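Input: a single structure, listed below in C-alpha cells.
Quantities reported herein were computed from a predicted structural model and do not represent experimental measurements.
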2 protein chains.
Amino acid sequence: MDEGRITIDDIAAAAGVSVASVSRSLRDLPGVGPQTRKRIIDIADEFGYELHPQASSLASGRTSTVGVAAPLFGTWFPSRALGGVHSVLAEAGYDLLIFMMSTPADRRRFLREARSFCRRVDGLILIDTFAGADGDSADAFFNRPVVAVGERLDGAASIAIDNRLASRRAVEHLIDLGHERIGVITAPERAEMSMSTSGLRRLGYEDALRGAGLTIDPTLVAAGDGSIASGIEAMSRLLSVPEPPTGVFCMSDEMAFGALRAAQNAGVPVPDALSVIGFDDHDFAAALGLSTMRQSVDEMGMTAARTVLALIEGTEPASEITWDVPLVARQTTAARG
Amino acid sequence: MDEGRITIDDIAAAAGVSVASVSRSLRDLPGVGPQTRKRIIDIADEFGYELHPQASSLASGRTSTVGVAAPLFGTWFPSRALGGVHSVLAEAGYDLLIFMMSTPADRRRFLREARSFCRRVDGLILIDTFAGADGDSADAFFNRPVVAVGERLDGAASIAIDNRLASRRAVEHLIDLGHERIGVITAPERAEMSMSTSGLRRLGYEDALRGAGLTIDPTLVAAGDGSIASGIEAMSRLLSVPEPPTGVFCMSDEMAFGALRAAQNAGVPVPDALSVIGFDDHDFAAALGLSTMRQSVDEMGMTAARTVLALIEGTEPASEITWDVPLVARQTTAARG
DNA sequence: CTGAAAGCGCTAACAG
DNA sequence: CTGTTAGCGCTTTCAG
C-alpha cells in the first residue's frame, strides 16, 4: 500500500530494461533509444514513479537545491526578492532552502552553520546580506557558487544597484522642480559594512546638491531607522527647523510613508508646500501616489537565480550586474510653489 | 584539499572506534560511553566534520526538513507566518523547504507536484492554502503530517482564528462607540473554498449588527480586493451614498490604509466624523494609528511549526487550535461625534 | 544503444 | 557499551 516503496528497480523490471536505462530516460540523458525511452517513461508515469531525490543526490553529489539566506522575510526587500528567486528556481526544477536571519544572533549562527547549510545546496543566494570580510572570498568560504543581491561581495557574482547614483537622481528630480532647500531622511548604517547603502545614498544626495551649486545644510539631515514611525519623527524634526525644506528625499519608501503622514499632521500640503520622494517603489507607493526610485527587486531576484543556475551548470555568467533604478514621478513631488 | 570528502570512516579511524559509535555520538544517541563520546566529538570538531545530510536521509528515511507551501511571500500574512515557522524549525535543527504559489497556475502545479515535494520533507505546513477537496484527507493525500495555518483542513492539524467571531467583535467595537450606520469593506472570495474567510467575516459583521438590533443595509457594503487601491475606491463609494456610514470595518488593514486615505481625500476627518477599524494588525497599523483586530501571525507560525514537529516525532499534539484575535483600539476609532 | 556492478556516506539491526 | 554488516535508491564508469 505504501507507494513510496517502489524503486527504480521495479520500473526497470516492468520495462524489461536495466536501471541504468531508466535513470537515463527519466533524466533526459542521451544513450537510450527513442522507443525504449518512451516505454520506460510511460511505465514510470503509470506507476507514478519519480526518482528518489536523496538517493540521487547521494549518488551524484548534486542536490538540485539552491539555498537562500536573507534577513527577515517579513520585510519588503527580501520577501520580494525571494519571490523572484523562487519563480525561476521552480521552473528549473530546483528546490529552495531557506536560511533566515532576523537577529544579529541569527547572523552569527549563519556564519557558523554556513558550511553545513551549503552541503545541502548546489548554490547560494545571499539577499541583502554581507558575509565576507573573513579574508576568504565568498565562493571559497561557502565552497559553492554564490550570488549576492543588494550587496557587492568579494569573490561572488552580484546583482545590485548604484545606490549613490540612484539617490543623486532622486535629489536631482527635486532640484529640477526648482527646490533649493532639500532635506534627507537617512536609513540606518549597518555595522557589518564599510560603506553601507545608507552611506552611499548620503553621498548621492550631496553629489546632487553640490552639482547644482546648493549648499549642504546639516540641519536638513534627519536620521531614521527605516520604519514608518521613524519617518514620522524625522519629518517632524525637519519641518520644525528655522528654515524648513521644500523638498525631502527619504532613503526608503516606508520612511516616506511616515514622512507624508507627518506632513499631513503638521498641516503642510503635499506636494503644494512640500515635495517628498522615496526610494524602493514599495507595493504601497503606487496606491499612495508616492514619487520614488524604483528598485525592481523581484527582477533582481530572478536574475540572481538565473545567475546561480548558470554558475552551477558551469556556464560563466556576468558577474557584477548593476540594476537600473528609474525615477517614478507620482503625486508627491511638484514644482516648488 | 577538498574538505568535503572526509567521511564518517575517517573520523572512526582517527578515533579508533567504529562508524556506528561515531554516528551515535554525533546524533546524541545513547549507547556510547561518556569518554568515548567526548573523544569522538572532539575529533569530529577538529576535522570540521559533519554528517552528510543526504546520506543520513537515505539511510534513515528521515529528511530533517519541513516543507512550507504558501501563496506569494511578498504578502503580509504568509511572510510573517513564514518567519515564525522558520524560527522554531531552525532551533530544532530542521531545514525549511519552500513552495510558493503566486498564481493559480502555481497552485495547480503544487497539487500536481505535491507528492514529489513531500518526498523531500518529513512534514508539511500549509499557509493560507486550501488543499483538500479531493476526498482524500490531507494527511493521506500528502502522505506526511500536515498542519494548516489560516485555514481548516480535513485530516490535518490546523492553527486558525475564528473569523466570524473576530469580525463580530470588530463591529461591536464600533457599536459600543455609538455608531449605528456601519459599513464594511469586504475582502475577495476565493473560489477554492466553500466558506471563505471573507464570507465568515461578513457573517460576523451581520451578527454584530443583528445583535445590536441594527438593520443590515446593503448599500453599506463595498467590495475590495485586499489592496490599498481597492480600499481607497471602496471607501469613496461608501462616503458617497445618500446616508454615509459613521463607522467602517475593513476586512484587512491594507484596505483600511486605503480607506483612511480616501477619507482624507474627501475631507472627512478620522476619527471625528468617521471611525475606521481594520483587521490583521499589519506592521504599518501601529505607525498609522489604525484600530484593528490583531492576528498574531508569527506566533501562529511558531505554533504550526511546533505542531508539525510533534506530529513528525509521533507526539500527538492538539489538532485544532483556534487563535485569539484581540481588539487593538488606536486612533482611528472614537465615539460617534 | 544497453547492461553490470561498484559505490555515494550513513543508519540500524544484530552480535558480541 | 561497541563493532559488523547489510542495505537505503540511485548514478556512473566501464564493458559489451
Side-chain angles (χ1 to χ4, degrees), chain A residues 2-41 43-44 47-65 93 95 115-116 118-120 122 143, chain B residues 2-41 43-44 47-65 93 95 115-116 118-122:
Chain A
D2 198 346
E3 313 255 336
R5 304 219 68 68
I6 144 173
T7 75
I8 198 172
D9 297 278
D10 301 321
I11 305 300
V17 298
S18 72
V19 295
S21 294
V22 177
S23 179
R24 292 183 188 116
S25 300
L26 261 27
R27 290 182 301 149
D28 293 316
L29 257 36
V32 187
Q35 42 260 311
T36 318
R37 181 182 303 254
K38 181 176 186 338
R39 185 158 40 88
I40 293 174
I41 291 183
I43 293 185
F47 279 61
Y49 171 75
E50 296 182 44
L51 294 172
H52 182 116
Q54 277 86 28
S56 304
S57 165
L58 177 57
S60 69
R62 274 172 254 114
T63 64
S64 292
T65 300
D95 281 331
R115 325 289 283 247
S116 91
C118 287
R119 303 190 67 178
R120 291 153 219 265
D122 294 337
N143 196 29
Chain B
D2 196 349
E3 313 255 334
R5 306 218 67 68
I6 144 172
T7 75
I8 198 172
D9 297 278
D10 301 323
I11 305 301
V17 297
S18 72
V19 295
S21 294
V22 177
S23 178
R24 291 182 188 115
S25 301
L26 261 27
R27 291 182 300 151
D28 292 317
L29 257 37
V32 188
Q35 41 261 312
T36 318
R37 182 182 302 256
K38 180 173 184 340
R39 185 158 40 89
I40 293 175
I41 291 182
I43 293 186
F47 280 59
Y49 171 77
E50 296 184 43
L51 295 172
H52 183 115
Q54 277 86 29
S56 304
S57 164
L58 177 58
S60 69
R62 275 174 252 111
T63 65
S64 290
T65 301
D95 281 331
R115 324 288 281 249
S116 91
C118 288
R119 301 189 68 180
R120 294 154 215 265
V121 305
D122 294 338

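Rounding to whole angstrom units, CG of residue A:D9 and C1' of D:dG7 are separated by 12 Å. Look at CD on B:Q54: it is 13 Å from C1' on D:dC10, rounded to the nearest Å. Here the P atom of nucleotide D:dC8 and the NE2 atom of A:H52 are 12 Å apart, to the nearest Å. Here C:dG3 presents its C1' atom at 16 Å from CZ of A:R37, a figure rounded to the nearest Å. If you take CG of A:L29 and C1' of D:dT11, they are 10 Å apart, rounded to a whole angstrom. Between the P atom of D:dT11 and the CD1 atom of A:I11 lies a distance of 13 Å, rounded to the nearest Å. A straight line from CZ of B:R27 to P of C:dC10 spans 11 Å, rounded to a whole angstrom. What separates CD1 of B:I8 from P of C:dG9 is a distance of 12 Å, to the nearest Å.
The list of salt bridge (charged side-chain N to carboxylate O under 4.0 Å, His left out) pairs with a residue in residues 16-38 of chain B, not counting sequence neighbours, reads B:K38-B:D42.
Across all strands shown, A:V22 has no heavy atoms under 4.0 Å from either base or sugar-phosphate atoms. Using a 4.0 Å heavy-atom cutoff across all strands shown, A:G31 reaches at least one base atom of the nucleic acid.
A residue-by-residue look at B:V32 and A:V19 shows that B:V32 has its nearest nucleotide of DNA chain D further toward the 5' end.
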- Message: Applying side chain to side chain contact (heavy atoms under 4.5 Å, CB included) to B:Y49 and B:I8, what does each step give before you reach the verdict?
- Response: CA-CA 8 Å; B:Y49 171 77; B:I8 198 172; 3.4 Å; yes
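Contact annotation: B:S21 side-chain N/O to D:dT2 OP1/OP2 distance is not under 4.0 Å.
Residues satisfying the side chain to side chain donor-acceptor pair (under 3.5 Å) test with A:S56, not counting sequence neighbours, are none. Looking at residues two or more places apart in sequence or on another chain, you find no salt bridge (charged side-chain N to carboxylate O under 4.0 Å, His left out) involving A:R39.
DNA chain C lies under 4.0 Å from at least one heavy atom of each of the following residues of residues 56-64 of chain B: B:S56, B:A59, B:S60, B:R62.
Rounded to 10°, the helix from C:dC1-D:dG16 to C:dG16-D:dC1 has 30° between the axis fitted to its first five pairs and the one fitted to its last five.
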Enumerate all atom pairs, one protein N or O and one N or O from nucleotides 13-16 of chain D, separated by less than 3.5 Å.
none

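In this structure a side-chain-to-backbone donor-acceptor pair under 3.5 Å is present from A:R119 to B:E50.
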